[in-house]
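Data first, discussion second: the structure below is written as C-alpha cells.
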Amino acid sequence: MGRDESAQKPSGSVSRRRLLKSAGLAVVGATGLTAMSSPAAAGDGECPYTYPSCPSWLGEVEPENWSFHEWPWGTESLTIFIHGFTNQNGGRDYAYEIYRNLTDSGYNGNVTACDWNAGDSWDDWYSAKNHAIEAGQDLAEILDYYGLTEDHGVTVNLVAHSLGGKMALECVRGLHGTYGHTINSVNLFGAAVWDEQPGERFYDGILYGTNETHNYYSENDDTLGDIYQAAEFGRHACGYTGGTGGEPYNWYEHDMTSRIHHHCEYMDYNDGCVWYIDDDLV
C-alpha cells in the first residue's frame with residue numbers, strides 16, 4: 001500500500017488549536033519541566049496501546065558502545081527503528097510491531113531496533129537531547145564503517161519516533177557532513193524536533209544525506225502539543241504541526257491529525273501509519 005498523498009500540510013493560516021496552545025504554553029513554558037511532572041500536564045503521555053513483546057531474535061544496535069545483537073550482517077536492505085525519550089518506552093516492542101506490519105505488507109528487508117541512552121525519567125529530558133546528538137553521530141560512524149550506505153549498494157532506512165527523530169536527523173547530518181554518504185530514507189513519527197530545524201540545522205543532512213525524508217505529524221498529539229512545548233518554552237515540534245517552511249525539496253509532510261490521536265499510536269499495527277512508509281523503503 002502506498003502513502004496517502006491526500007495527507008498534505010495545511011497551508012496559509014495557523015490553526016486555532018495551535019494558537020490556543022501557544023498562548024497557554026507561553027505561561028506554562030516558564031516553569032519548564034516542573035509542569036511536566038504533574039498529571040494534569042501529562043496529556044496523552046501514558047500510552048493507551050499494548051504492544052506485543054519483542055522476540056530475542058530481532059536485531060539491535062547500541063550505537064554509543066558499538067554493540068550488536070543478532071545483527072543482519074551482509075544485508076542489502078535494512079530498516080532501523082529508533083525509539084524516543086526514556087529507555088522504558090518499549091523501543092524493542094515498537095520495533096517488533098513495525099517489523100510485523102512491514103513484513104505483512106511485503107517488505108523483504110531486515111528490520112532492527114536501535115537502543116540509545118534516552119534517559120530514565122522526565123528529569124533526564126535535556127541530557128537526553130544531548131545524547132540524541134551523540135548517538136546520532138555514533139550511528140553515522142557505524143553506517144560509514146560497515147558500508148551501510150547507498151554508495152555501498154545497501155538500502156538503509158531510519159524510522160524514528162519522538163526524540164528518536166532528533167537522533168535520526170543528527171545521524172544523516174553527520175553521515176553527509178563528516179563522511180559524504182547517503183542513505184535511502186528517514187521516516188519521522190511524531191518527531192520531538194523543533195519545527196524550524198529541518199529548514200536550518202538539518203537542511204544539508206536531509207538534502208544530501210537522504211534520498212527522501214518523510215515527516216508524519218498530528219495536532220492531536222498532546223504529548224508534543226502540551227508536554228514538549230512546556231519543556232521547550234513554547235516551541236513547536238515538527239511532529240506536531242509540521243515544519244515551518246524552507247525545508248529541502250526531498251522533505252515530505254504527511255498530516256496525520258485525522259488518524260493519530262496519541263503519541264505512541266504511530267506504531268500500532270491497526271491504528272498507526274507504518275503501512276504508509278512501505279513504498280519509501282525500497
Side-chain angles (χ1 to χ4, degrees), residues 43-64 67-72 78-105 107 109-121 124 128 131-132 135-136 139 156-169 171 185-193 214-218 220-224 227-228 237 239-240 254 256 259-278 280-281:
D44 63 353
E46 294 297 324
C47 181
Y49 290 87
T50 300
Y51 288 92
S53 296
C54 178
S56 61
W57 51 256
L58 191 78
E60 182 178 79
V61 58
E62 297 179 19
E64 292 151 302
S67 174
F68 300 88
H69 169 75
E70 298 291 342
W71 192 253
L78 176 65
T79 295
I80 304 173
F81 174 74
I82 304 173
H83 67 77
F85 179 48
T86 78
N87 299 315
Q88 290 86 28
N89 71 347
R92 280 184 58 81
D93 294 345
Y94 287 167
Y96 180 54
E97 185 80 332
I98 287 172
Y99 163 84
R100 294 174 61 237
N101 195 310
L102 291 179
T103 54
D104 286 354
S105 298
Y107 175 64
N110 294 100
V111 178
T112 66
C114 175
D115 186 20
W116 62 286
N117 185 8
D120 295 313
S121 70
D124 296 328
H131 289 154
L139 183 59
V156 175
N157 307 282
L158 302 182
V159 179
H161 178 236
S162 193
L163 189 57
K166 180 174 178 62
M167 182 189 152
L169 292 176
C171 174
S185 73
V186 171
N187 299 271
L188 304 173
F189 290 165
V193 176
H214 297 267
N215 182 46
Y216 295 83
Y217 70 95
S218 171
N220 281 322
D221 182 348
D222 286 339
T223 295
L224 294 181
I227 299 176
Y228 177 88
Y240 180 57
H254 302 270
M256 297 285 109
R259 181 178 183 86
I260 301 298
H261 298 86
H262 299 280
H263 192 52
C264 70
E265 187 176 1
Y266 287 94
M267 285 73 66
D268 184 76
Y269 190 98
N270 295 310
D271 297 337
C273 59
V274 177
W275 62 270
Y276 281 73
I277 72 173
D278 59 358
D280 305 322
L281 305 183

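No experiment lies behind these values; they were computed from the predicted model shown.
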Hey, mind stepping through L188 and L169 against side-chain contact (heavy atoms from CB on, under 4.5 Å) and telling me if it holds? CA-CA 9 Å; L188 304 173; L169 292 176; 4.1 Å; yes
Once rounded to the nearest 0.5 Å, what's the spacing between atom CG of D104 and atom CG of D278? 11.5 Å
Using a 3.5 Å distance criterion without hydrogens, assess whether the side chain of H262 forms a donor-acceptor pair with backbone atoms of I260. no
How far apart are the closest heavy atoms of T86 and S121, and which atoms are they? CG2-N, 4.3 Å
From C47 SG over to Y94 OH, what is the distance, rounded to the nearest 0.5 angstrom? 4.5 Å
Any side-chain heavy atom of Y107 sitting closer than 4.5 Å to one from N157? yes
Value rounded to 0.5 Å, distance of SG in C264 from CD in E97: 10.5 Å
With a 3.5 Å distance limit and no angle check, can you tell me whether H69 reaches the backbone of S56 through a side-chain donor-acceptor pair? yes
Minimum-distance pair of heavy atoms, taken over all atoms of L163 and A192: N-CB, 3.7 Å
Tell me, with the steps shown, if N117 and D124 meet side-chain contact (heavy atoms from CB on, under 4.5 Å). CA-CA 10 Å; N117 185 8; D124 296 328; over 6 Å; no
Which of parallel (below 30°), tilted (30 to 60°) and perpendicular (above 60°) describes Y266 and F189? parallel
Minimum-distance pair of heavy atoms, taken over all atoms of H83 and A118: CE1-CB, 3.7 Å
By side chain to side chain donor-acceptor pair (under 3.5 Å), which residues pair with Y49, not counting sequence neighbours? E265, D271
For residues A168 and V186, report the shortest heavy-atom separation together with the two atoms involved. CB-CG1, 4.2 Å
Using a 4.5 Å cut-off on heavy atoms from C-beta on, say whether the side chain of R92 contacts that of D115. no
Within-4.5 Å side-chain heavy-atom neighbours: C114 and M167: yes
Donor on one side chain, acceptor on other, T112 and N110, under 3.5 Å: no
Just wondering, are more than 12 heavy atoms of other shown residues or ligands nearer than 6.0 Å to OH in Y99? no
Using the salt bridge (Lys or Arg N to Asp or Glu O under 4.0 Å) rule, collect all pairs that involve residues 48-59, keeping only residues at least two apart or in two chains. none
Have a look at H263 and tell me which of N220, D222, D221 forms a side chain to side chain donor-acceptor pair (under 3.5 Å) with it. D221
Are Y216 and Y276 side-chain neighbours, meaning at least one heavy-atom pair lies under 4.5 Å? yes
Beyond-backbone contact of V274 with V159, side-chain heavy atoms, under 4.5 angstrom: no
Going through the distances and angles, do Y51 and D268 end up as a side-chain contact (heavy atoms from CB on, under 4.5 Å)? CA-CA 8 Å; Y51 288 92; D268 184 76; 3.6 Å; yes
If you look at every heavy atom in S185 and D280, which pair is closest and at what distance? OG-O, 3.5 Å
Can you tell me how the ring of W57 sits relative to the ring of Y96, calling it parallel under 30°, perpendicular over 60° and tilted otherwise? perpendicular
About how many Å separate CG of D93 and CD1 of I98, when rounded to the nearest 0.5 Å? 11.5 Å
Can you give me the closest heavy-atom contact between G84 and S162, atom names plus distance? CA-CB, 4.0 Å
Measure the spacing between CZ of R100 and OH of Y269 and express it to the nearest 0.5 Å. 6.0 Å
Atom SG of C171 and atom CH2 of W116: how far apart are they, to the nearest 0.5 Å? 12.5 Å
